[in-house]
Amino acid sequence: MNNFSPIYVSQPSLPPLHELQPYLEEIWSSKSLTNGGPFHQQLERVLCEYLDVEYISLFSNGTLALVTALRALDIAGEVITTPYSFVATSHSLLWNGIQPVFSDIDPESLNLDPSRIEAAITDSTRAILPVHCYGYPCDTEAISKIAAKRGLKVIYDAAHAFGVRYKSQSILRAGDLSVLSFHATKVFNTFEGGAIVCGSAKMKEHIDHLKNFGITDEVSVPELGINGKMSELNAAIGLLQLRYLDGEIARREEIDKQYRSLLSHIPGIRCVKRHGPGITPNYSYFPILVDSAYPISRDQLYGKLRSKNIFTRRYFYPLISEFPMYRHIPSSSPSSLPVATEIASKIICLPMFSNLGEEDIDTIVEIIASS
Ligand code: T4K
């Protein structure tokens with residue numbers, strides 16, 4: 001690293017270009033470009049195996065997968081969700097005409113705090129939409145209990161949680177549906193892409209119809225669908241990426257360790273807990289909290305890093321509840337979201353990707369240490 005080459009918060013890993021050639025040749029010769037072609041089918045099969053889940057429906061991106069997941073479960077009314085996420089989480093509710101109800105997060109996991117969910121339930125509540133933030137598993141047992149007791153569906157936004165396991169089981173098996181993102185910035189990427197994970201063949205068939213405009217056969221469109229299909233090119237890239245994924249995650253684990261050890265000596269900087277007993281993490285992000293004991297503010301540190309060509313991100317600031325289309329909702333009041341409000345004011349996600357060198361990490365830490 002030098003002061004002139006930028007380091008971004010993430011950088012997609014790419015397989016060697018020549019490995020793409022045979023896939024391209026096959027696509028060109030078969031002329032099967034999309035609509036559930038052979039690479040699409042193959043990727044669904046291998047992802048089920050890799051992730052240890054029953055059924056997967058691939059999508060063109062995670063946002064359309066979220067929109068479709070809510071539609072597949074016929075959710076209306078109100079849905080309880082977290083304000084501490086990427087805006088796509090709540091946007092998927094608005095696109096379905098559903099009212100988001102924001103509930104506060106737990107200060108350690110940064111996920112929905114289960115002890116607050118029940119108080120947010122009304123007669124109109126139909127579902128809970130939690131996020132496994134930065135890939136850290138939600139308290140799925142507590143959320144399942146609440147959902148079962150109150151007759152609610154649970155859709156997990158698992159955009160950050162590719163490959164994460166808890167108690168030897170895929171976290172994607174929790175709830176009614178889980179939604180993944182394969183965007184360029186994710187641990188596993190297909191350039192753009194996403195998926196819905198479900199537990200029954202019938203549900204998968206329904207989702208597959210919904211992502212293909214709602215078409216069930218040449219003359220039948222029994223319900224409103226959308227175009228959420230993943231192309232053969234994206235599926236081929238996914239198949240290639242999978243070959244390198246274990247190495248990608250192993251390198252990220254090393255980076256995580258290096259950051260944690262170097263940052264532990266800096267007063268006012270706290271590394272967010274991302275692993276714990278029973279958790280197999282994916283090291284998708286490296287979030288730190290900048291406390292009042294740190295000599296300068298979070299935004300000053302963010303600016304200082306920027307001035308040295310290190311482009312971190314304040315995921316997730318502002319809170320979703322602060323954007324204009326959400327601000328008016330009663331549950332958006334900062335006084336009812338004290339934990340999320342505080343965390344959003346302290347968070348910075350440091351660069352995390354497998355090509356990040358040891359010198360880059362040293363430089364980033366030195367800049368943080370020198371305030
Ligand atoms: N739910 C959650 C919880 C999510 O976090 C997301 C997406 C979704 C749902 C929706 O899934 P998708 O519909 O996206 O599949 C990014 C991503 O666009 C977004 O996918 C992600 N979450 C969110 C947390 O971050 P930006 O605007 O901060 O990222 P962007 O495009 O500025 O990229 C960050 C850095 O990565 C760049 O500065 C440089 C590097 N980069 C990025 C891209 C796109 C590259 O080197 N190459 C690239 O092609 O939103």
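As the structure lists them, so they are numbered: ligands from 1, and atoms in each ligand from 1.
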Please determine if Arg306 forms a cation-pi arrangement with Phe311, meaning its NZ or CZ atom is less than 6.0 Å from the six-membered ring centre and no more than 45° off the ring axis.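 Output no; distance or angle outside limits.
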
Examine Arg251 relative to Phe353 and say whether NZ or CZ is less than 6.0 Å from the centre of the six-membered ring and inside a 45° cone about the ring axis.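 Judged by the rule (NZ or CZ under 6.0 Å from the ring centre, within 45° of its axis), Arg251 is not positioned above Phe353.
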
Decide if atom NZ of Lys304 counts as having more than 12 heavy atoms of other residues, nucleotides or ligands within a radius under 6.0 Å. yes

Out of [options], who gets a non-hydrogen atom closest to [atom]?
atom                    : options                      : result
atom 11 (O) of ligand 1 : Ala159, Ser181, Ala158       : Ser181
atom 3 (C) of ligand 1  : Ser85, Ser10, Ala161         : Ser85
atom 28 (O) of ligand 1 : Arg313, His91, His132        : Arg313
atom 46 (O) of ligand 1 : Gly194, Pro12, Ala88, Gly193 : Pro12

Under 4.0 Å from any heavy atom of Thr89, which atoms of ligand 1 are there?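 What qualifies from ligand 1 is 1 (N), 3 (C).
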
With a 4.0 Å heavy-atom cut-off (strictly under), which part of Tyr315 contacts ligand 1: side chain, backbone, both or neither? side chain

Identify the closest protein heavy atom to [atom]: which residue and atom is it, and at what distance?
atom                    : result
atom 44 (C) of ligand 1 : His183 CE1, 3.7 Å
atom 4 (C) of ligand 1  : Phe86 CB, 3.4 Å
atom 38 (O) of ligand 1 : Tyr8 CD2, 3.4 Å
atom 9 (C) of ligand 1  : Asp157 OD2, 3.5 Å
atom 49 (O) of ligand 1 : Ala184 CB, 3.7 Å
atom 33 (O) of ligand 1 : Thr185 CG2, 3.5 Å
atom 5 (O) of ligand 1  : His160 NE2, 2.8 Å
atom 21 (C) of ligand 1 : Lys186 NZ, 3.0 Å

Show me the pairs that pass ring-ring contact (aromatic ring centres under 6.0 Å, His included) and involve residues 229-261, at least two apart or across chains.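 For residues 229-261, and leaving out neighbouring residues, the ring-ring contact (aromatic ring centres under 6.0 Å, His included) pairs sorted by first residue read Tyr259-Phe286.
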
With sequence neighbours excluded, tell me which residues meet side-chain contact (heavy atoms from CB on, under 4.5 Å) with Tyr50.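 Here the qualifying residues are Phe162, Leu242, Leu245, Asp246, Ile249.
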
For [X] and ligand 1, does the shortest N/O to N/O distance drop below 3.5 Å?
X     : value
Gly62 : yes
Gln11 : no
Thr63 : yes

Ignoring hydrogens and geometry, is there a side-chain-to-backbone donor-acceptor pair from Asn234 to Thr190 under 3.5 Å?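 Such a contact is found between Asn234 side chain and Thr190 backbone.
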
How about Tyr315 and Phe86: are their ring centres within less than 6.0 Å of each other?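 Here the rings of Phe86 and Tyr315 have centres that are no less than 6.0 Å from each other.
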
Ring centres of His91 and Tyr326 under 6.0 Å apart? yes

Once rounded to the nearest 0.5 Å, what's the spacing between atom CD1 of Ile368 and atom CG of Leu350? 4.5 Å

Take the angle between the ring planes of Tyr134 and Tyr84 and call it parallel below 30°, perpendicular above 60°, tilted in between.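 Tyr134 vs Tyr84 ring planes: perpendicular.
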
Over all atoms of both residues, closest heavy-atom pair of Asp52 and Arg173: O-NE, 2.8 Å

